[in-house]
Amino acid sequence: GKAPAGKPRNAKRVSGGRTAKRHGDALEKAIAMSAAAQRETLMLAHLPATGGRFGAKGRMITEQIPCDFVGSVCGSGRAVFFDAKSSEDKSGFSLDNPKILKPHQAAFLHAQARAGAIAALLVECRKVELYLWLDGKHLSPMRTRIGWISEPWQILGPTSKLIDFRLLLP
């Protein structure tokens, strides 16, 4: 389920348990370190798992957040949105599993990419030791599986180094 408001994004994982949480924590740390090292190029903020607003009678209404990170390109102000995932799969990624990529996330990233934002899925491919970027335009219609080599992934570097977000800029 969703993490309650106020708790860290990965306080409770839907699938994978403690291992998924550790991989998620490590990926989020790698993203933060990479963004800090490239702060003159890209400004990023990590979003909580849920947000909220006050509704009728002062009740808090929680809402799903559509992606993990938001930001902008320094100089142009172009918006950046992405969801981060970590995968142990050797050959590809399952886009149709709602426990991995929720439909509202895919729809949001697809719509933002079509509107001109830099919007995508960032995947840490642990078995092939690469950070891969899948443009949001490829997230709809949903596919069942997308291979690491045969599909339009952009390589943002090896997992042994910082993620090179500069490769996303024209």
Side-chain angles (χ1 to χ4, degrees), residues 2-3 5 8-10 23-53 61-87 92-98 100-126 128-143 145-170:
K2 295 185 282 184
R9 163 169 224 59
N10 49 13
H23 292 300
D25 289 346
L27 177 56
E28 288 169 1
K29 184 177 179 181
I31 292 167
M33 288 173 45
S34 300
Q38 299 166 59
R39 65 183 167 271
E40 67 283 345
T41 304
L42 186 70
M43 297 298 296
L44 286 179
H46 184 214
L47 297 176
T50 58
R53 59 185 169 84
I61 300 169
T62 59
E63 298 174 349
Q64 295 177 323
I65 301 295
C67 61
D68 293 333
F69 292 87
V70 299
S72 61
V73 176
C74 295
S76 73
R78 187 174 177 197
V80 177
F81 304 95
F82 66 92
D83 204 65
K85 305 293 181 192
S86 184
S87 175
F93 193 78
S94 295
L95 291 173
D96 67 336
N97 184 341
I100 296 173
L101 181 64
K102 295 173 181 69
H104 78 277
Q105 292 174 317
F108 174 81
L109 294 170
H110 178 74
Q112 292 300 323
R114 291 191 41 88
I118 297 173
L121 183 65
L122 173 68
V123 180
E124 175 192 35
C125 310
R126 298 177 65 74
V128 294
E129 300 178 351
L130 290 172
Y131 292 113
L132 297 176
W133 183 267
L134 182 64
D135 189 284
K137 292 176 185 171
H138 300 290
L139 295 177
S140 185
M142 296 298 284
R143 300 180 190 177
R145 184 146 184 88
I146 186 166
W148 298 137
I149 305 302
S150 63
E151 297 292 335
W153 292 99
Q154 182 175 355
I155 297 172
L156 297 186
T159 55
S160 60
K161 297 186 178 183
L162 293 177
I163 302 163
D164 193 351
F165 289 114
R166 295 170 298 180
L167 296 172
L168 300 174
L169 308 177

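The analysis underlying the following values was restricted to heavy atoms, covering all of them including side chains, and did not include hydrogens, waters or symmetry mates. Just so you know, residue 1 is the first one in the sequence shown, and it goes up from there.
- Not counting sequence neighbours, Y131 has no partner by the ring pair (Phe, Tyr, Trp, His ring centres under 6.0 Å) test.
- Between the side chain of Q38 and the main chain of I163, a donor-acceptor pair closer than 3.5 Å is present.
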Worked verdict on L44 versus V70 for side chain to side chain contact (heavy atoms under 4.5 Å, CB included): CA-CA 6 Å; L44 286 179; V70 299; over 6 Å; no
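- Looking at every heavy atom in both residues, C74 comes nearest to L42 through SG-N, 3.8 Å.
- The side chain to side chain contact (heavy atoms under 4.5 Å, CB included) check on A113 picks up A119, D135, K137, with sequence neighbours excluded.
- Heavy-atom minimum distance, Q105 versus D83: NE2-OD1, 3.2 Å.
- Nearest approach of S72 to G77, heavy atoms of both residues: CB-O, 4.0 Å.
- For the residue pair A84 and L27, the shortest heavy atom distance occurs at CB-CD2, 3.8 Å.
- In this structure a side-chain-to-backbone donor-acceptor pair under 3.5 Å is missing from R114 to A111.
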With side chain to side chain contact (heavy atoms under 4.5 Å, CB included) as the criterion, how do F165 and I31 come out once you've worked through the C-alpha distance, each side chain's angles and the decisive distance to 0.1 Å? CA-CA 9 Å; F165 289 114; I31 292 167; 4.2 Å; yes
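- Between the side chain of K85 and the backbone N or O of L121 there is no donor-acceptor pair closer than 3.5 Å.
- For the pair P66 and H104, the tightest heavy-atom approach, listed with the atom from each and the gap, is CA-CD2, 3.9 Å.
- Evaluation of the side chain to side chain contact (heavy atoms under 4.5 Å, CB included) rule for L162 yields M33, S34, A37 as partners, not counting sequence neighbours.
- Counting only residues at least two apart or in different chains, side-chain hydrogen bond (donor to acceptor under 3.5 Å, both in side chains) contacts with residues 157-170 comprise D164-R166.
- Considering only residues two or more places apart in sequence or on other chains, R78 meets the salt bridge (Lys or Arg N to Asp or Glu O under 4.0 Å) condition with none of them.
- Crowding of L169 atom CG: a count of heavy atoms from other residues, nucleotides or ligands under 6.0 Å exceeding 12.
- In this structure, W153 and F93 have perpendicular ring planes: the angle between them is above 60°, well past the 30° mark.
- With sequence neighbours excluded, the residues forming a side chain to side chain contact (heavy atoms under 4.5 Å, CB included) with A79 are F81, A117, listed by chain and number.
- Although no hydrogens or angles enter the test, the distance criterion places a donor-acceptor pair under 3.5 Å between the side chain of H110 and the main chain of G136.
- Separating the CD1 atom in I118 from the OG atom in S76 is a distance of 7.0 Å, to the nearest 0.5 Å.
- Taking every heavy atom of both residues into account, E124 and S86 meet most closely at OE1-OG, 2.7 Å.
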